[in-house]
Asker: 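Got a structure for you, questions after.
Residue numbers count from 1 along this sequence. The shown structure was predicted, so the numbers you read here are calculated from the model rather than taken from an experiment.
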Amino acid sequence: AEQSRFIIQFPVDTIQSDITASAIPSDTSSVKYMLNIYNAPHGNATPLSYSLDICMLSEPWNEGRGLDMDNYTDLGASNWSNRFTGVAWTTTGSAIRNDVNSKTSYFFETGLEDMSVDISEMVYKWLDSVPNYGLLVRMQPSAVSGSDSLYTKRFFSRTSDFFHKRPTVEAIWDSSRK
């Protein structure tokens with residue numbers, strides 16, 4: 001069965017700086033943090049009616065450098081087996097936290113949607129001194145246990161030429177004055 005996933009990390013220290021500077025309210029009940037990742041159109045068949053899990057990672061990893069999507073020969077980068085060169089993940093494919101509010105999911109009906117999912121509880125954990133090792137986005141384990149192909153879903157990356165399609169964590173709150 002096909003198994004695919006990606007890992008992504010955002011600088012939570014920037015969010016903390018904005019809270020300290022009062023650019024974002026410090027009251028966690030009034031702020032919602034949304035993970036926004038944008039669909040990258042392509043010519044391949046896309047999956048229908050499926051969910052992706054978004055999970056907090058429990059171990060640090062190295063992004064590495066390079067762009068070899070054909071042969072997967074990037075050196076020094078995390079991959080299915082290793083989080084650093086020669087350093088294995090605790091669990092093959094990544095290591096995720098299993099405590100409360102460390103995981104959520106997002107449902108795709110057509111497979112062509114952008115993903116905008118509330119990760120507030122995860123951001124609150126990072127702001128409360130839980131190490132920020134980023135997020136794992138993966139197909140649900142039950143979906144990859146069979147032999148059927150799930151086709152291809154692609155998202156824009158942080159290096160996309162389309163600035164407004166790059167992944168973001170967006171802070172949302174009511175700033176109206178009455």
Asker: Sequence neighbours excluded, which residues qualify as side-chain hydrogen bond (donor to acceptor under 3.5 Å, both in side chains) partners of Thr104?
Answerer: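 Not a single residue meets the side-chain hydrogen bond (donor to acceptor under 3.5 Å, both in side chains) criterion with Thr104.
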
Asker: So, using side chain to side chain contact (heavy atoms under 4.5 Å, CB included) as the criterion, who are the partners of Tyr133 when residues are at least two apart?
Answerer: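 Per chain and number, Tyr133 pairs via side chain to side chain contact (heavy atoms under 4.5 Å, CB included) with Leu57, Pro60, Pro131.
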
Asker: Would you please name every residue forming a ring pair (Phe, Tyr, Trp, His ring centres under 6.0 Å) with Phe10, sequence neighbours left out?
Answerer: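 With neighbours one apart ignored, the set is empty.
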
Asker: Less than 4.5 Å apart, side chain to side chain, heavy atoms only: is that true for Arg138 and Phe6?
Answerer: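 Side chain of Arg138 against side chain of Phe6, heavy atoms only: no contact under 4.5 Å found.
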
Asker: Return the set of residues passing ring pair (Phe, Tyr, Trp, His ring centres under 6.0 Å) with Phe162 (not counting sequence neighbours), or none when no residue passes.
Answerer: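 For Phe162, the residues satisfying ring pair (Phe, Tyr, Trp, His ring centres under 6.0 Å) (neighbours in sequence not counted) are Phe156.
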
Asker: For a 4.5 angstrom cut-off between non-hydrogen side-chain atoms, does Glu113 reach Asn39?
Answerer: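 Glu113 vs Asn39: side chains apart.
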
Asker: Less than 6.0 angstrom from the centroid, inside 45 degrees of the normal: does Lys165 satisfy that with respect to the ring of Phe163?
Answerer: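 No, cation not above the ring by the 6.0 Å, 45° rule.
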
Asker: Please list, chain by chain and in numerical order, all residues satisfying ring pair (Phe, Tyr, Trp, His ring centres under 6.0 Å) with Phe107, sequence neighbours excluded.
Answerer: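 By the ring pair (Phe, Tyr, Trp, His ring centres under 6.0 Å) rule, Phe107 matches no residue at all.
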
Asker: Grab the two heavy atoms, one from Met115 and one from Val137, that are nearest each other, plus how far apart they are.
Answerer: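 What the structure gives for the nearest pair is CE-CG1, 4.2 Å.
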
Asker: Under a 4.5 Å cut-off applied to non-hydrogen side-chain atoms, are Thr20 and Ser17 in contact?
Answerer: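 No, every pair of side-chain atoms sits at 4.5 Å or beyond.
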
Asker: With side-chain contact (heavy atoms from CB on, under 4.5 Å) as the test, would you mind laying out the steps for Trp80 and Trp89 before giving the verdict?
Answerer: CA-CA 8 Å; Trp80 188 258; Trp89 291 102; over 6 Å; no

Asker: Applying side-chain hydrogen bond (donor to acceptor under 3.5 Å, both in side chains), name anything that partners Thr91, two or more places apart in sequence or on another chain.
Answerer: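 Partners of Thr91 under the side-chain hydrogen bond (donor to acceptor under 3.5 Å, both in side chains) test: none.
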
Asker: Can you tell me how far NZ of Lys103 sits from OG of Ser105, rounded to the nearest 0.5 angstrom?
Answerer: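 Rounded to the nearest 0.5 Å, the OG-NZ separation comes out at 7.5 Å.
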
Asker: Identify, with sequence neighbours excluded, every residue that meets side chain to side chain contact (heavy atoms under 4.5 Å, CB included) alongside Asn132.
Answerer: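 Scan of Asn132 (side chain to side chain contact (heavy atoms under 4.5 Å, CB included), adjacent residues dropped) gives Gln9, Val12, Trp126.
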
Asker: By side chain to side chain contact (heavy atoms under 4.5 Å, CB included), which residues pair with Ser30, not counting sequence neighbours?
Answerer: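 Side chain to side chain contact (heavy atoms under 4.5 Å, CB included) list for Ser30, sorted by chain: Pro25, Asp27.
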
Asker: Suppose we screen for side-chain hydrogen bond (donor to acceptor under 3.5 Å, both in side chains). Which residues come up paired with Lys125, at least two apart in sequence or across chains?
Answerer: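 Once residues adjacent in sequence are excluded, the partners of Lys125 under the side-chain hydrogen bond (donor to acceptor under 3.5 Å, both in side chains) criterion are Asp99, Ser102.
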
Asker: Take Val169 and Met34 through the side-chain contact (heavy atoms from CB on, under 4.5 Å) test and state the conclusion after the steps.
Answerer: CA-CA 5 Å; Val169 172; Met34 301 297 291; over 6 Å; no

Asker: Does Tyr38 have any ring pair (Phe, Tyr, Trp, His ring centres under 6.0 Å) partners at least two apart in sequence or in another chain, and if so, which?
Answerer: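 For Tyr38, no residue satisfies ring pair (Phe, Tyr, Trp, His ring centres under 6.0 Å) once neighbours in sequence are set aside.
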
Asker: Listed by chain and number, what are the side chain to side chain contact (heavy atoms under 4.5 Å, CB included) partners of His164, not counting sequence neighbours?
Answerer: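 Per chain and number, His164 pairs via side chain to side chain contact (heavy atoms under 4.5 Å, CB included) with no residue.
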
Asker: Is any side-chain heavy atom of Arg97 closer than 4.5 Å to one of Val130?
Answerer: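 They are in contact (side-chain heavy atoms under 4.5 Å apart), so the answer is yes.
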
Asker: Roughly how far, to the nearest 0.5 Å, is OG1 of Thr28 from OH of Tyr124?
Answerer: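 Separation between the atoms: 5.0 Å.
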
Asker: Leu35 pairs by side chain to side chain contact (heavy atoms under 4.5 Å, CB included) with which of Val123, Asp118, Ile54?
Answerer: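 Of Val123, Asp118, Ile54, side chain to side chain contact (heavy atoms under 4.5 Å, CB included) with Leu35 is met by Ile54 alone.
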
Asker: Are side-chain heavy atoms of Val100 and Glu121 found at a separation under 4.5 Å?
Answerer: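 No. Closest side-chain heavy atoms not under 4.5 Å.
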
Asker: Nearest heavy-atom pair of Phe84 and Trp61: which atoms, and what distance?
Answerer: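 Nearest pair, atom of Phe84 first, then Trp61: CE2-C, 3.7 Å.
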
Asker: Any side-chain to backbone donor/acceptor pair from Ser78 onto Glu63? Under 3.5 Å, distance only.
Answerer: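 Answer holds: no.
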
Asker: I'd like to check Leu135 versus Met56 (side-chain heavy atoms, cut-off strictly below 4.5 Å). Are they in contact?
Answerer: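 Side-chain contact under 4.5 Å: yes.
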
Asker: Quick one: list whatever passes side-chain hydrogen bond (donor to acceptor under 3.5 Å, both in side chains) with Asn36, sequence neighbours left out.
Answerer: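 Partners of Asn36 under the side-chain hydrogen bond (donor to acceptor under 3.5 Å, both in side chains) test: Ser116, Thr168, Glu170.
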
